[in-house]
Amino acid sequence: MSLSSGIAGQNDGRNYSFKTVLLGEGCVGKTSLILRYVANKFNDQHDFTKQASFLNKKINIGGKRVKLAIWDTAGQEKFHALGPIYYRDSNGAILVYDITNEKSFQKVQNWVKELRKMLGDDICLVIAGNKIDLDKERHVAVSEAESYAESVGAKHFHTSAKHNKGIDDMFLDISKSMIEKADNNMQNKKTSTTNRKSIMVVDDEQLEQKPKGGCC
Ligand code: GDP
Ligand code: MG
């Protein structure tokens, strides 16, 4: 299936189609979060054989139908081989780190820099601190992670793919942000078209009427 089955960001005010990518270091739980969200499954083993793919999930938010294409990697992140081609047409990105691994949090910060540089504010960002079931082995402070997220305009979620914590809320939240952005974009387009038209009408009338009405 290709992306043309739902042009990313396409919407008519009721039906929306978005592409969301999961990014982060290998083994932080990206595949596990997707499988838990879409199929409610969890596997204790790290699946090295899995190919890059996406899974679709349809949700309804206040009468708006949203089709999410959630993209997973095939483990290229291990070789630093994920280029812009993977994320460039995304409406949202979930940047995942493992709370027991400080280095994976650093990697999230690198991703934020790259995405903001390449896509600016066109993409909705969410940060996920995964494996909260391993809180005893936590190496990334909650306050540090949350204040960092706030400083870069991203929401922070505490998740566990193993215990199914925080995942539905996270996807719901990023979907709402993507809807808001899509609605704003549509509104801006309409406004700029309307403004252009009204300026043209005023100009035309003034130009035509001036010579006729010049009695004094
Ligand atoms: P990916 O490389 O980022 O896609 O990571 P995976 O989803 O393959 O997960 C890597 C390993 O972490 C696997 O052994 C998973 O079972 C495990 N894992 C994923 N999420 C969690 C979690 O929330 N809690 C715990 N304890 N383990 C997890
Ligand atoms: Mg994976």
Side-chain angles (χ1 to χ4, degrees), residues 1 3 18-57 68-115 118 123-146 148-149 152 154-175:
M1 210 165 127
L3 257 190
F18 297 125
K19 173 179 171 182
T20 301
V21 288
L22 272 83
L23 293 166
E25 213 171 56
C27 275
V28 294
K30 301 180 296 297
T31 302
S32 301
L33 286 168
I34 297 173
L35 286 180
R36 175 62 87 186
Y37 182 59
V38 175
N40 200 17
K41 283 185 187 151
F42 180 75
N43 186 345
D44 265 314
Q45 307 304 314
H46 179 53
D47 187 352
F48 287 103
T49 60
K50 205 165 183 305
Q51 295 300 302
S53 57
F54 70 90
L55 290 174
N56 277 323
K57 170 100 176 174
L68 287 180
I70 307 168
W71 284 66
D72 192 13
T73 67
Q76 308 98 309
E77 64 270 24
K78 287 207 178 57
F79 315 107
H80 308 284
L82 275 178
I85 198 154
Y86 177 70
Y87 60 73
R88 67 180 173 196
D89 53 355
S90 300
N91 305 99
I94 298 178
L95 310 169
V96 187
Y97 69 94
D98 171 349
I99 63 157
T100 70
N101 178 344
E102 172 95 54
K103 208 172 122 246
S104 71
F105 183 58
Q106 187 56 51
K107 182 76 193 164
V108 160
Q109 299 175 46
N110 294 347
W111 271 120
V112 169
K113 278 190 207 130
E114 175 161 349
L115 292 175
M118 302 296 281
I123 188 162
C124 300
L125 298 184
V126 156
I127 296 174
N130 191 39
K131 308 197 187 181
I132 53 164
D133 54 289
L134 300 177
D135 198 56
K136 286 196 187 102
E137 298 161 45
R138 176 182 279 282
H139 274 87
V140 180
V142 169
S143 56
E144 187 196 347
E146 286 182 343
Y148 169 73
V152 294
K155 277 236 182 115
H156 185 286
F157 286 84
H158 304 276
T159 62
S160 167
K162 186 168 186 167
H163 290 180
N164 197 6
K165 289 265 161 60
I167 302 171
D168 286 354
D169 278 356
M170 177 172 75
F171 278 99
L172 182 63
D173 190 85
I174 196 166
S175 300

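Just follow the structure's listing: the first ligand is 1, and inside any ligand the first atom is 1. A quick note: this is a predicted structure, and the numbers were derived from the prediction, not measured.
- Gln109 pairs by the side-chain hydrogen bond (donor to acceptor under 3.5 Å, both in side chains) definition with nothing, not counting sequence neighbours.
- Summarising the contacts of atom 15 (C) of ligand 1 with Leu23, Asn164, Val28, Asn43, the nearest heavy atom is found in Asn43.
- In terms of polar-atom proximity, Asp72 is not counted as a contact of ligand 1, lacking any N or O under 3.5 Å from an N or O of the ligand.
- Taking every heavy atom of Thr31 and a limit of under 4.0 angstrom, the matching atoms of ligand 1 come to 4 (O), 7 (O).
- For ligand 1, the atoms closer than 4.0 angstrom to any heavy atom of Lys30 are 1 (P), 2 (O), 3 (O), 4 (O), 5 (O), 7 (O).
- Within ligand 1, counting atoms from 1 as listed, the ones closer than 4.0 Å to a heavy atom of Gly26 are 2 (O).
- Distances between N or O atoms of Cys27 and those of ligand 1 include at least one value under 3.5 Å.
- A donor-acceptor pair under 3.5 Å is formed between the side chain of Ser160 and the backbone N or O of His163.
- Residue-to-ligand polar distances place Gly29 within reach of ligand 1: an N/O pair is separated by less than 3.5 Å.
- In this structure, Trp71 and Phe54 have parallel ring planes: the angle between them is below the 30° cut-off, well short of the 60° mark.
- Residue Ser160 has at least one heavy-atom neighbour below 4.0 Å for each of these atoms of ligand 1: 23 (O).
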Checklist entry - Should Asp72 and Thr31 be marked as a side chain to side chain donor-acceptor pair (under 3.5 Å) after you check the CA-CA gap, both sets of side-chain angles, and the distance that decides it? => result CA-CA 6 Å; Asp72 192 13; Thr31 302; 2.7 Å; yes
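- In this structure, Ile132 CD1 and Ile99 CD1 are separated by 7.0 Å, a value rounded to the nearest 0.5 Å.
- At least one N or O atom of Ser32, backbone or side chain, sits closer than 3.5 Å to an N or O atom of ligand 1.
- Proximity of a side-chain donor or acceptor of Lys57 to a complementary backbone N or O of Tyr37 within less than 3.5 Å is detected.
- Between the side chain of Lys30 and the backbone N or O of Glu25 there is at least one donor-acceptor pair closer than 3.5 Å.
- Look at Thr73 and the Mg ion (ligand 2): no N/O/S atom of the residue is under 2.8 Å from the metal.
- For Tyr97, the ring pair (Phe, Tyr, Trp, His ring centres under 6.0 Å) partners are Phe105, His156, not counting sequence neighbours.
- Contacts of Asn130 with ligand 1, taken as heavy-atom pairs under 4.0 Å, involve the side chain alone.
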